[in-house]
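The structure appears right after this line, and notes come after that.
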Amino acid sequence: MTKLQFLTMWGCHVCEEVKKTIEEIEPQFPDREIQEIDMTTTEGQELMQKYSVMSSPGIVMDGEFFSTGAVGKEELVNRMRSITQ
């Protein structure tokens, strides 16, 4: 099962945009788990340090850093496909 950890921060408009993109592509990837994690929590802080996430949102897929900031739908879909194959 593919795991996507989505590190967000309250009030982040880019986080909201990426969240909408994730929700939009979600039906294409029924075998993946999405975990939204607030960056201000202990778990969020640990993941930020572990993956050197310096801005929001941060995305980690299957234990590997993927991106920070805005991410395009096509880029996200391509990465999800490459992981689930």
Exercise. Dump the intermediate steps for side chain to side chain contact (heavy atoms under 4.5 Å, CB included) on Gln28 and Arg81, then the final yes or no.
Key: CA-CA 9 Å; Gln28 296 178 49; Arg81 282 190 180 136; 3.3 Å; yes
Quiz item: Taking atom CH2 of Trp10 and atom SG of Cys15, what is their separation to the nearest 0.5 Å?
Solution: 12.0 Å
Quiz prompt | Point-to-point distance, once rounded to the nearest 0.5 Å, from SG of Cys12 to CG of Leu7 | solution = 11.0 Å
Exercise. Can you see which heavy atom on Phe6 is nearest to which on Val18, and at what distance?
Key: CE1-CG1, 3.5 Å
Quiz item: Which atom pair, heavy atoms only, marks the closest approach of Ser55 to Met39?
Solution: O-CE, 3.5 Å
Self-check item: All side-chain hydrogen bond (donor to acceptor under 3.5 Å, both in side chains) counterparts of Thr40, not counting sequence neighbours
Solution: Asp38
Exercise. Output all residues satisfying side-chain hydrogen bond (donor to acceptor under 3.5 Å, both in side chains) with Gln45, sequence neighbours left out; order by chain, then residue number.
Key: none
Quiz item: Any chain of hydrophobic side-chain contacts (each under 4.5 Å) joining Phe65 to Val71?
Solution: no
Exercise. For residues Val14 and Ser56, determine if any side-chain heavy atom of one lies less than 4.5 Å from a side-chain heavy atom of the other.
Key: no
Quiz item: Taking it one step at a time, do Phe66 and Glu75 satisfy side chain to side chain contact (heavy atoms under 4.5 Å, CB included)?
Solution: CA-CA 10 Å; Phe66 173 62; Glu75 183 180 7; 3.9 Å; yes
Exercise. Take Arg79 and Ile59 through the test side chain to side chain contact (heavy atoms under 4.5 Å, CB included) and record every step on the way to the result.
Key: CA-CA 11 Å; Arg79 178 67 172 161; Ile59 298 177; over 6 Å; no
Self-check item: Full working for side chain to side chain contact (heavy atoms under 4.5 Å, CB included) between Leu47 and Ile37
Solution: CA-CA 9 Å; Leu47 289 169; Ile37 303 164; 3.4 Å; yes
Distance-only donor-acceptor hits, side chain of residues 19-27, under 3.5 Å, sequence neighbours excluded:
residue : atom : partner : partner atom : Å
Lys19   : NZ   : Glu36   : OE1          : 3.2
Thr21   : OG1  : Glu17   : O            : 3.2
Glu24   : OE2  : Lys73   : NZ           : 2.3

Exercise. Would you mind telling me which of Met80, Arg32, Gln5 makes a side-chain contact (heavy atoms from CB on, under 4.5 Å) with Met61?
Key: Met80
Quiz item: Does Gly63 offer a backbone N or O that forms a donor-acceptor pair with the side chain of Tyr51 under 3.5 Å?
Solution: yes
